Chemist: 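Pasting a structure below so you can have a look.
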Amino acid sequence: MNYKDSEFQAFSHQILFWYRSNPRDLPWRGTQDPYKIWLSEIILQQTRVAQGLPYYYKFVNQYPTVKDLALAPQEEVLRLWQGLGYYSRARNLHSCAIYIYKELDGKFPTSYEGLLKLKGVGSYTASAIASFAFGEAKAVVDGNVFRVLARYFGIETDIASSKAKKEFESLANKIIPQDEPGEFNQAIMDFGSRQCVPLNPDCESCPLSGSCFAKQQNMVKELPVKINKVKVKERNLHYYVVKCGNEWVWKKRTSGDIWEGLFDFPLSEKEKPTKAHPWEDFEAEEIQEYPKKYRHILSHQKLNATFSELEIPQKNKEKLAAWCEEEGFLLVNEEQIDYLAKPKLIVNFLTDQGI
DNA sequence: CTCCCGTGGT
DNA sequence: ACCACGGGAG
């Protein structure tokens with residue numbers, strides 16, 4: 001890569017020029033409130049804008065300030081996050097809010113370095129907040145920026161590697177205009193999401209195509225280079241939907257697996273034998289095994305789930321309640337089910353049951 | 001099916 | 001340096 005400062009400047013200028021006619025209209029644009037910016041950025045991590053938008057509205061309405069979020073119960077925050085995935089984001093969001101409210105007098109850190117100390121805030125998010133809210137000249141490097149820079153400057157480093165992160169951050173920080181870093185950060189990300197899109201970008205309409213390495217070298221399809229080496233684990237889950245009158249048996253998922261903090265049912269997994277569930281002790285009657293198989297795909301796991309329904313006679317309710325208490329299960333009234341934060345797979349199952 | 005996407009733990 | 005972590009769109 002051999003570019004002069006003047007060529008970097010020309011690039012930045014063109015990106016900013018493009019942005020003036022093509023900005024995305026996002027609800028947090030124009031605000032300087034670090035809380036709202038932080039909220040939107042955490043929601044948008046690994047998430048498309050269209051998918052994240054309704055969650056952003058739900059969160060700002062329910063928690064207009066960091067104090068409101070800090071005072072909310074974690075279960076409520078997770079329930080509001082339900083369906084968005086990567087649930088550690090919601091847990092970190094909530095614990096950060098508590099930290100900021102209690103330890104920082106409700107005030108956000110005002111520098112990149114300070115922001116970086118917040119759980120769930122890495123270099124991308126710290127740069128975004130620092131530049132949008134405080135005008136600090138730190139360049140954001142998200143998927144859009146990787147793509148735009150790799151194509152325009154012809155960088156062939158595998159963007160999944162840790163080397164690439166340093167290389168692209170260093171380049172982006174060299175390019176970013178010191179006098180309007182926030183504007184430039186928004187501009188390059190919008191350019192990536194609307195013009196320099198991942199598949200089949202319309203280079204003919206792109207004002208930067210004349211000086212774009214990928215376009216000139218016919219390498220638009222090859223850049224950025226991304227070597228994917230995620231191996232997908234297949235898992236077979238069998239859920240027991242155990243009912244006793246109006247009460248269902250639920251399990252709050254613990255750490256060390258997917259969906260931490262969310263609720264699902266007692267589970268038996270072939271490859272990972274769990275303790276046998278003593279439904280016989282409660283004279284459970286198997287009502288049915290649902291014929292439908294639920295296939296749920298995560299980035300790193302393929303889940304095949306089946307469900308069976310068990311009914312426990314009311315007379316054994318006390319005994320069941322005691323067992324649940326001991327084993328970390330919960331008895332939840334049918335009306336309360338909606339309030340539990342559940343993985344999409346469980347929501348899909350319940351929807352099929354008309355719940 | 002394939003692709004997209006930031007952070008944290010180790 | 002590497003891998004775990006969800007869900008949606010094409």
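Below, chain A is the first sequence line, B the second, and so on; all start at residue 1. This structure is a prediction, so every number in the text was calculated from the model and none was measured.
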Chemist: Looking at every strand, decide which applies to A:Ile43 at a 4.0 Å heavy-atom threshold: base, sugar-phosphate, or nothing.
Modeler: nothing
Chemist: Checking contacts here: which listed nucleotide (B:dG6, C:dC5, B:dG8) is nearest the side-chain heavy atoms of A:Gln301?
Modeler: C:dC5
Chemist: Can you tell me how far C1' of C:dG6 sits from NZ of A:Lys342, to the nearest Å?
Modeler: 16 Å
Chemist: Check whether any side-chain N or O of A:Lys302 sits under 4.0 Å from OP1 or OP2 of B:dC1, and answer yes or no.
Modeler: yes
Chemist: Please check if the distance between the ring centroids of A:Phe17 and A:Phe191 is under 6.0 Å.
Modeler: no
Chemist: Side-chain N or O of A:Gln46 versus OP1/OP2 of C:dG7: is the shortest distance under 4.0 Å?
Modeler: no
Chemist: Is any side-chain nitrogen or oxygen of A:Ser162 closer than 4.0 Å to OP1 or OP2 of C:dA1?
Modeler: yes
Chemist: Round to a whole Å and report the spacing from CZ of A:Arg91 to C1' of C:dA4.
Modeler: 12 Å
Chemist: Examine A:Phe307 together with A:Tyr294 and report whether their ring centres are nearer than 6.0 Å.
Modeler: yes
Chemist: Rounded to whole Å, please give me the gap between CZ in A:Arg147 and C1' in B:dC4.
Modeler: 9 Å
Chemist: Taking the six-membered ring where the residue is Trp, are the ring centres of A:Trp38 and A:Trp28 under 6.0 Å apart?
Modeler: no
Chemist: C:dC5 phosphate, OP1 or OP2: any side-chain N/O from A:His300 under 4.0 angstrom?
Modeler: yes
Chemist: Rounded to the Å, how far apart are A:Asp158 CG and C:dA1 P?
Modeler: 12 Å
Chemist: Which listed nucleotide (B:dG8, B:dC5, B:dG6) is nearest to the side chain of A:Gln45?
Modeler: B:dG6
Chemist: Is there a side-chain polar atom (N or O) of A:Trp259 under 4.0 Å from OP1 or OP2 of C:dG7?
Modeler: yes
Chemist: Give a yes or no on whether the ring-centroid distance for A:Trp250 and A:Phe329 is below 6.0 angstrom.
Modeler: no
Chemist: Within a reach of under 6.0 Å around NZ of A:Lys251, are more than 12 heavy atoms found that belong to other residues, nucleotides or ligands?
Modeler: yes
Chemist: Between A:Tyr86 and C:dA4, does any side-chain N or O lie under 4.0 Å from OP1 or OP2?
Modeler: no
Chemist: Under 4.0 Å, counting only non-hydrogen atoms across every strand here, what does A:Ser88 touch: a base, just sugar-phosphate, or nothing?
Modeler: nothing
Chemist: Using a 4.0 Å heavy-atom cut-off, does A:Leu298 contact any base of the nucleic acid, only the sugar-phosphate backbone, or nothing at all?
Modeler: base
Chemist: What about A:Thr125: does its side chain form a donor-acceptor pair under 3.5 Å with the base of B:dG6?
Modeler: no
Chemist: Can you tell me the distance, in whole Å, between the CD1 atom of A:Ile159 and the C1' atom of B:dG6?
Modeler: 12 Å
Chemist: Taking only N and O in the side chain of A:Arg48, is any of them less than 4.0 Å away from OP1 or OP2 of B:dC3?
Modeler: no
Chemist: Could you tell me how far apart A:Trp81 (CH2) and C:dC5 (C1') are, to the nearest whole angstrom?
Modeler: 13 Å
Chemist: Give a yes or no on whether the ring-centroid distance for A:Phe11 and A:Phe153 is below 6.0 angstrom.
Modeler: yes
Chemist: Between A:Lys163 and A:Ile297, who's closer to the 5' end of DNA chain C by nearest nucleotide?
Modeler: A:Lys163
Chemist: Closest-nucleotide mapping onto DNA chain B: is A:Arg295 or A:Val141 further toward the 5' terminus? I mean the 5' end.
Modeler: A:Arg295
Chemist: Distance check needed: B:dG9 P versus A:Arg89 CZ, whole Å only.
Modeler: 16 Å
Chemist: Send over the distance from A:Tyr87 OH to B:dG6 P, rounded to a whole Å.
Modeler: 18 Å
Chemist: If you look at every strand shown and take non-hydrogen atoms under 4.0 Å, does A:Ser161 touch a base, only sugar-phosphate, or nothing?
Modeler: nothing
Chemist: Measuring from the side chain of A:Lys344 (C-beta onward, heavy atoms only), which nucleotide among B:dT7, C:dG6, C:dG8 has the closest atom?
Modeler: C:dG8
